[in-house]
Amino acid sequence: MAKQEKEFVKEITPQSEDYSQWYLDVILKAQLMDYAPVKGCMVIRPYGYTLWENMQQRLDKRIKETGHLNAYFPLFIPESLLQKEADHVEGFAPEVAWVTHGGNEKLTERLVVRPTSETIICEMYSRWIQSYRDLPVLINQWCNVVRWEKTTRPFLRTSEFLWQEGHTAHRNEEEAEEETLKMLEVYRDFVENDLAIPVIAGRKTEKEKFAGALRTYSIEALMSDGKALQAGTSHNLGEHFARVFDITYLDKDGELKYVWQTSWGVSTRLIGALIMVHGDDRGLVLPPLVAPTQVIIVPIAPKKAQAEVLAKAQELYNELKEAGVRVEMDDREEYSPGWKFNEWEMKGVPLRLEIGPRDLQAGVAVLARRDTGEKETVALEELAERVPALLTEIQKNMFAKAKRFMEENTHRTDDYEEFKQIVAEKRGFVISSWCGSDACEQAIKEETKATIRNIPFHLQDEKPGNCLYCGKDGKHLVYFARSY
RNA sequence: CGGGGUGUAGCGCAGUUUGGUAGCGCACUUGGUUUGGGACCAAGGGGUCGCAGGUUCGAAUCCUGUCACCCCGACCA
C-alpha cells in the first residue's frame, strides 16, 4: 500500500526524504505560486491567491469587528521619514529597496519602498491627532511590502510579500497594551480556528522584538519538520514613534501628551505555515474554512451511463452550491477518475464526492476525506446535510491532529545537555527556564541554533527553575526552537 | 555574504570522461478505443544544450568569464 501510494504521487518528493524539496514540489505542483523573473519574488497563482483571499476575508472581518477601518498609505516613503526613529532605521536599513530616479531625473531625496509603514503613518497621525477626542485611531491596511532579503523561500521569506498591518494610537499605556494583546488574541483565534494551526502566544524577548517597539508579542506555530514559525506579531510601540514624529494631543486635564501606539501584522507567510503544518506526502491538505474548493465532484462516467451520471452530478452540484458549499465539478473527459483523485488530493481539497453508475443504482454517493483518507457512502438525499457536517468535522480534526503533534513535540528540560540533544535530534519546542539575560540567550543561539520563540502567557504563573545556561535563578519559562 | 550542488523540449533525466547529424520517459496535438485510485493504440509537434566570449574545419562536450536556481551556514514577517 505504501509503495502504491508513492507511485501515485511520484511528482512529490516524500517529506522523509527531503523536507525542503517536498515543500517546493507541493507549492509548485498545486499551483499556489511560480517563480518570477525577479530574484526572491514570486507570482501567486489563482489557486494560491484564492486561498489568500479567503484568509484575508475572514481576518478582515475580525479586524473590523474590533473597531478598525481599512485605509491605504503610499508605497514610497521619503528617506528622511525612515531615518527619524533610530532603532527602526537600524533594523530595516540593510533590507530596504531604494528609489533614486523618477524617469531620467535623479530625485533630490531618495525614497524607500516601504518595508513596513510605521513612519509614513506616524507622519500622518501627527497631523490628524490634536485632542483626546481624536483618540483612539484604529486603522488597518492590506498591502505589499518589500524587504531585500539575502536568502528567500516561497511564502516564508520573499523580497515582496502581501500582508496586513494595523496601526493604532491611544491615550495611554493601558489602552495601547490592551489593544496590542487584543489583536494578538484576534490572530490566535483566526489562526487556530480558521487555519487549524495551534499556536503558542507570548511575549518576545528584548533581543527578538520589533525594531522600535517597546514590547513585541507573537504567536508561534510548529511545522511538521519540528521547526517553529512566527505566525503573527503585535507590538506595543510605546511613545517612541510619537516622540520623534511629534504625535501629541491635548488631554482632558489640559496637558499636552504623547500618544501610545501599536502595530500588528500577519502576512502571506501564513500560507507557508498552512502547507507545512497540514501537508503530507500526497500534497496539500487545506482546512475547509479557507480552502478555495471545499468539495470536488468527480463523476465516474463510462459512455453507456454518461448522460445519467453527469445529470445527477450536476444536480448534486447545484444542491451543494445552494447549501453554501464551495463546490466544483471535474467533468473533464480527458482524465481518468484515478488521475483526478490524485490531482485534487495534491491540491488539498478537503472532500471529494464520487458518483458513478453503481452509486446511481443504489441511490448513493461516495465521500472521501482528504485529512484521514476515509471513504463513506451517503444516501443522495442526505448529502446536503452530511457534506457541511463533514467539513466541520474535518476542520476540527485537522486542528486536533496538529495540536497533538505540537504537544508530542514539546519537550521540557532545564538541563543544557539534554536540551542540546533534543534540539539536535528531536527538534520541536523545548520549554526551559531562562534567567532573562541577553548573554545566555545569545550563547544558546550560537551553540544550538535554537532561539527563544517567546515567553508564553500560559506558563506565566508557573515558577521557573534554574536558568538552562548559567544555572542562576530563572526569571521566565520560555519556548525554544529552531525556526524558519 | 561564505561552503556545496545543479543548469540539455513544459517537467524529470541521459549524452560531456574520449569534440563529429541532440536523445529517452512523462506532458502536449490529432484520430480511435476507454473511465470506481495517475488507461491504451497509432500518428505528430516542440530544444540558438543558462548566458557571453574563446580554442577548433567542427563545441552540449574543451578553456575563461558570468548569471540563475537548490541545499547548508550569518540577518528577517
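The nucleotide whose nearest atom lies closest to any side-chain atom of A/Thr233 is, among B/U35, B/A77, B/G37, B/A77. Set against B/C71, B/A77, B/C1, the side chain of A/Leu24 has B/C71 as its closest nucleotide.
Using C1' as the reference atom, B/A60 and B/C1 are 32 Å apart when rounded to the nearest Å. When the C1' atom is compared between B/A9 and B/A74, the two are found 40 Å apart, to the nearest whole Å. If you take atom C1' in B/G37 and the same atom in B/C51, they sit 44 Å apart, rounded to whole Å. A distance of about 26 Å separates the C1' atoms of B/A22 and B/C70, rounded to the whole Å. The same atom, C1', is picked in B/C67 and in B/U30; the two are 40 Å apart, to the nearest Å. Nucleotides B/G4 and B/C41, compared at atom P, are 47 Å apart to the nearest Å. For B/G12 and B/C28, the C1' atoms lie 16 Å apart once the distance is rounded to whole Å. Going from the P atom of B/G44 to that of B/C24 covers 13 Å, rounded to whole Å.
Remark: A/Lys227 qualifies as a cation-pi partner of A/Tyr484 under the 6.0 Å distance and 45° angle criteria applied to the six-membered ring. Remark: A/Arg147 fails to qualify as a cation-pi partner of A/Phe92 under the 6.0 Å distance and 45° angle criteria applied to the six-membered ring. With a 6.0 Å cutoff to the six-membered ring centre and a 45° limit on the axis angle, A/Lys347 counts as a cation-pi contact of A/Tyr47.
The ring of A/Phe480 has its center no closer than 6.0 angstrom to the ring center of A/Phe429. Ring to ring, A/His240 and A/Trp260 are not that close: their centroids are 6.0 angstrom or more apart. When ring centroids are compared, A/His235 and A/Phe241 stay outside the 6.0 Å threshold.
Between the CD atom of A/Gln306 and the P atom of B/G36 there is a distance of 13 Å, rounded to whole Å. One can place CZ of A/Arg153 at 18 Å from P of B/C75, the figure rounded to the nearest angstrom. Look at CD on A/Glu333: it is 14 Å from C1' on B/G32, rounded to the nearest Å. Across the protein-nucleic acid pair, A/Leu270 atom CG and B/A77 atom P stand 14 Å apart, rounded to whole Å. Between A/Arg157 atom CZ and B/C70 atom P the separation is 13 Å, expressed in whole Å. Here B/C70 presents its C1' atom at 15 Å from CD of A/Glu17, a figure rounded to the nearest Å. In this structure, A/Tyr484 places its OH atom 15 Å from C1' of B/A77, rounding to the nearest Å.
Applying the side-chain hydrogen bond (donor to acceptor under 3.5 Å, both in side chains) criterion to A/Glu85, with sequence neighbours excluded, gives no partner residue.
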Checklist entry - Run the side-chain contact (heavy atoms from CB on, under 4.5 Å) check on A/Leu222 and A/Asn409 step by step: do they pass? => result CA-CA 9 Å; A/Leu222 191 63; A/Asn409 287 279; 3.7 Å; yes
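Under 4.0 angstrom from either OP1 or OP2 of B/G32 there lies no side-chain N or O belonging to A/Lys303. When the side-chain nitrogen and oxygen atoms of A/Tyr217 are compared with OP1 and OP2 of B/A77, none of them lie within a distance under 4.0 Å. Note on A/Lys449: every side-chain N or O is 4.0 Å or more away from OP1 and OP2 of B/A74.
B/A22 makes up no base pair with any nucleotide shown, lacking Watson-Crick or G-U wobble contacts both under 3.5 Å. Under the Watson-Crick and G-U wobble criteria, each requiring two contacts below 3.5 Å, nucleotide B/G2 is paired to B/C72. Within the shown strands, B/G44 is the pairing partner of B/C28 under the Watson-Crick or G-U definition, both distances less than 3.5 Å. Using Watson-Crick or G-U wobble geometry with both donor-acceptor distances under 3.5 Å, B/A14 finds no partner in any strand shown. In this entry B/G7 has B/C67 as its Watson-Crick or G-U wobble partner, both defining distances falling under 3.5 Å. With a cut-off of 3.5 Å on both pairing distances, B/U56 has no Watson-Crick or G-U wobble partner at all. Base pairing of B/U35: no nucleotide in any strand meets the Watson-Crick or G-U wobble criterion (both distances under 3.5 Å).
Once rounded to the nearest 0.5 Å, the distance linking CH2 of A/Trp98 with CZ of A/Arg110 reads 4.0 Å.
For the segment residues 354-381 of chain A, residues with any heavy atom less than 4.0 angstrom from an atom of RNA chain B are, sorted by number, A/Glu354, A/Gly356, A/Pro357, A/Arg358, A/Asp359, A/Val366, A/Lys375.
Nearest-nucleotide mapping onto RNA chain B: of A/Tyr35 and A/Tyr335, the residue sitting toward the 5' end is A/Tyr335.
The base of B/A39 lies outside donor-acceptor range of the side chain of A/Ser336, with no N or O pair under 3.5 Å. Residue side chain A/Arg147 does not reach the base of B/C76 through any donor-acceptor N/O pair under 3.5 Å, judged by distance alone.
Stacking is not found between A/Trp163 and the pyrimidine-like six-membered ring of the B/A77 base under the 5.5 Å centre-distance and 30° plane-angle cut-offs.
Side-chain polar atoms of A/Asn454 and A/Ser218 form a donor-acceptor pair below 3.5 angstrom.
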